[in-house]
Participant: 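Got a structure here, written out as structure tokens. Questions coming.
If you read the sequence from its start, that first residue is 1, and numbering goes on from there.
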Amino acid sequence: MIIGKDIIEQNNKSEIESFNSDFAYLSDKLTKSGTNVAEIVNKIADFQVAIPSWALGAGGTRFGRFSYGGEPATLEQKLDDVGLIHALTHSAGAVSLHIPWDIPSDVAAIKEKAASHGLVFDAMNSNTFQDQPGANHSYKFGSLNTTNEDARAYAVEHNKEVIRIGKELDSKSLTVWLADGASFPGQLNFQTALSKTEQSLKEIYTGMPEDWKLFIEYKPYEPNFYSTTIQDWGTSFMLANACGERAYTLVDLGHHLPNTNIEQIVATLMYKGKLGGFHFNDSKYGDDDLTVGSIKPYALFLIFNELVYGMENNPQNPYPAWMIDASHNIKDPLEDLIQSLEAILIAYAQALLVDQKALREAQLNNDVVRAQEILQNAYRTDVRPLLKAARTQTGAALDPIAAYRKLKIRENLISERGLHVKATGL
């Protein structure tokens, strides 16, 4: 299914009058306060978030999985689905692949397919957290951290193979997430596990092209519940430093213990020039992988406040790679991804409204009340007209969810692919 510009324009006609009124009111208000509205709209229009290939089908838990029908069964269909999201939003211009599920049989054809949707290939993702059919070695007791040298070499080689595939697709980065750890005290030696992991990551790093980046994720628990070898941002940061200047920490919003101050982690990493990537999701209890902004929208805004500050004031830090990493257990996956994109752009726009000069003055004067008011005034602003202005500028749908439903996209996908197909890589 392809959504042409003419279809988008036709669909937007019923929204234009309301948008024009809302935008005129907000634009006038912001302009009077000294805000450069056009600049903010341009930044929103330019902001692109990668869609992971594994998020295009129904998610699930170890208790069950409930399909939606019309799921993408091939890499080509996954690119088509990301293309649909990008056509509606013009903010999902990249796709992040998961190997071994997304190995292209025809690289040239896959690149052509992606280009037809205006997509590029973002970070490649390896998988050493589960054994594949016919695998020569098992990751049951670890991959990059294991004392079994054959299994460790097997895991390192898998990551190098992912790099080779990514290089053919013009990707420029590799994300490594490890399930390595222990479920019981005494199961492994902490120092040996960390040493083996560092050694493995260095081997992977040296196998990357000179223009590639290595993103190292961290996670405090799950699937192991006693210890995780890369359990926090500090361990990831340490390992990134050990690898080299092109190795960075990757922050996943779900990979923290409850009430962790993630915005402070973001600020620290950007100050040190080591925030490489960002995975967006939301959670109530743990790594819930819920729709972005559905549980803690103010926390997301505070994180973006630090990201915006860092992008303006930390030239030593590269522009971060943005990606959604969520699991869609009871929602249409494409609708969920569109909702997440909306929440990300809202938080970004709100953060762009923060008067950083006034905030800095309040901080220097220890005016705590004023500092809080500056942040909350930005957060309480309904910035959705700014998002719609950006979409008008790029030719996207003013209301992507409404357009998705009006165009009966899920029904069309079921008609094309069938009701019982299942996406791979979940």
Participant: Looking at Phe237, I'd like to know if the NZ or CZ of Lys274 sits under 6.0 Å from its six-membered ring centre while staying within 45 degrees of the ring's axis.
Facilitator: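 Because its charged atom misses either the 6.0 Å distance or the 45° angle limit, Lys274 does not stack over Phe237.
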Participant: Please name the residue in the list Asp180, Thr197, Thr229 that meets the side-chain hydrogen bond (donor to acceptor under 3.5 Å, both in side chains) test with Ser143.
Facilitator: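 Exactly one option meets the side-chain hydrogen bond (donor to acceptor under 3.5 Å, both in side chains) with Ser143, and it is Asp180.
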Participant: With a 6.0 Å cut-off (strictly less than), is the heavy-atom count around NZ of Lys172, excluding the residue itself, greater than 12?
Facilitator: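 It does: Lys172 NZ has more than 12 such atoms within range.
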Participant: Less than 4.0 angstrom from a charged side-chain N to a carboxylate O is my criterion; do Lys219 and Asp287 meet it?
Facilitator: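 Yes.
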Participant: Using only heavy-atom distances, determine whether the side chains of Asn159 and Glu203 contain a donor-acceptor pair under 3.5 Å.
Facilitator: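 There is no such pair (donor and acceptor under 3.5 Å, judged by atom type) between the side chains of Asn159 and Glu203.
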Participant: Can you find a pair of side-chain heavy atoms, one from Glu217 and one from His279, that are under 4.5 Å apart?
Facilitator: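 In contact.
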Participant: So, Asp332 versus Tyr404: side-chain donor-acceptor pair below 3.5 Å or not?
Facilitator: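 Side-chain D/A pair, Asp332 to Tyr404: present.
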Participant: Check whether the side chains of Asp325 and Trp54 place a donor and an acceptor atom closer than 3.5 Å, and report yes or no.
Facilitator: yes
Participant: Between the side chain of Tyr68 and the main-chain N/O of Ile330, is any donor-acceptor distance below 3.5 Å?
Facilitator: yes
Participant: Answer with yes or no whether the side chains of Ser67 and Lys422 bring together a donor and an acceptor at under 3.5 Å.
Facilitator: no
Participant: Taking NZ, NE, NH1 and NH2 as the nitrogens, is one of them in Asp382 or Arg384 under 4.0 Å from a carboxylate oxygen of the other?
Facilitator: yes
Participant: Going by atom type alone, with no hydrogens or angles, which donor-acceptor pairs under 3.5 Å involve a side-chain atom of residues 23-32 and a protein atom two or more places apart or on another chain?
Facilitator:
unit_1: Asp28; atom_1: OD2; unit_2: Lys32; atom_2: NZ; d: 3.2
unit_1: Thr31; atom_1: OG1; unit_2: Ser27; atom_2: O; d: 2.7

Participant: Indicate whether any N or O donor in one side chain lies under 3.5 Å from an N or O acceptor in the other, for Ser96 and Asn125.
Facilitator: yes
Participant: Answer yes or no: does atom CZ of Phe66 have more than 12 heavy-atom neighbours from other residues, nucleotides or ligands under 6.0 Å?
Facilitator: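 Counting other residues, nucleotides and ligands, CZ of Phe66 stays at 12 neighbours or fewer.
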Participant: Does the side chain of Gln132 reach to within under 4.5 Å of the side chain of Asn127, using non-hydrogen atoms?
Facilitator: yes
Participant: Among side-chain atoms of Thr268 and Gln264, is any donor-acceptor pair under 3.5 angstrom?
Facilitator: no
Participant: Just to verify, what does Phe121 make a ring pair (Phe, Tyr, Trp, His ring centres under 6.0 Å) with, not counting sequence neighbours?
Facilitator: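 In terms of ring pair (Phe, Tyr, Trp, His ring centres under 6.0 Å), with neighbours along the sequence ignored, Phe121 is linked to no residue.
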Participant: For Arg417, I'd like to know if atom CZ has over 12 heavy atoms of other residues, nucleotides or ligands within 6.0 Å.
Facilitator: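 Result for CZ/Arg417: enclosed.
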Participant: Do we see a donor-acceptor contact under 3.5 Å between the side chains of Asn281 and Asp289?
Facilitator: yes
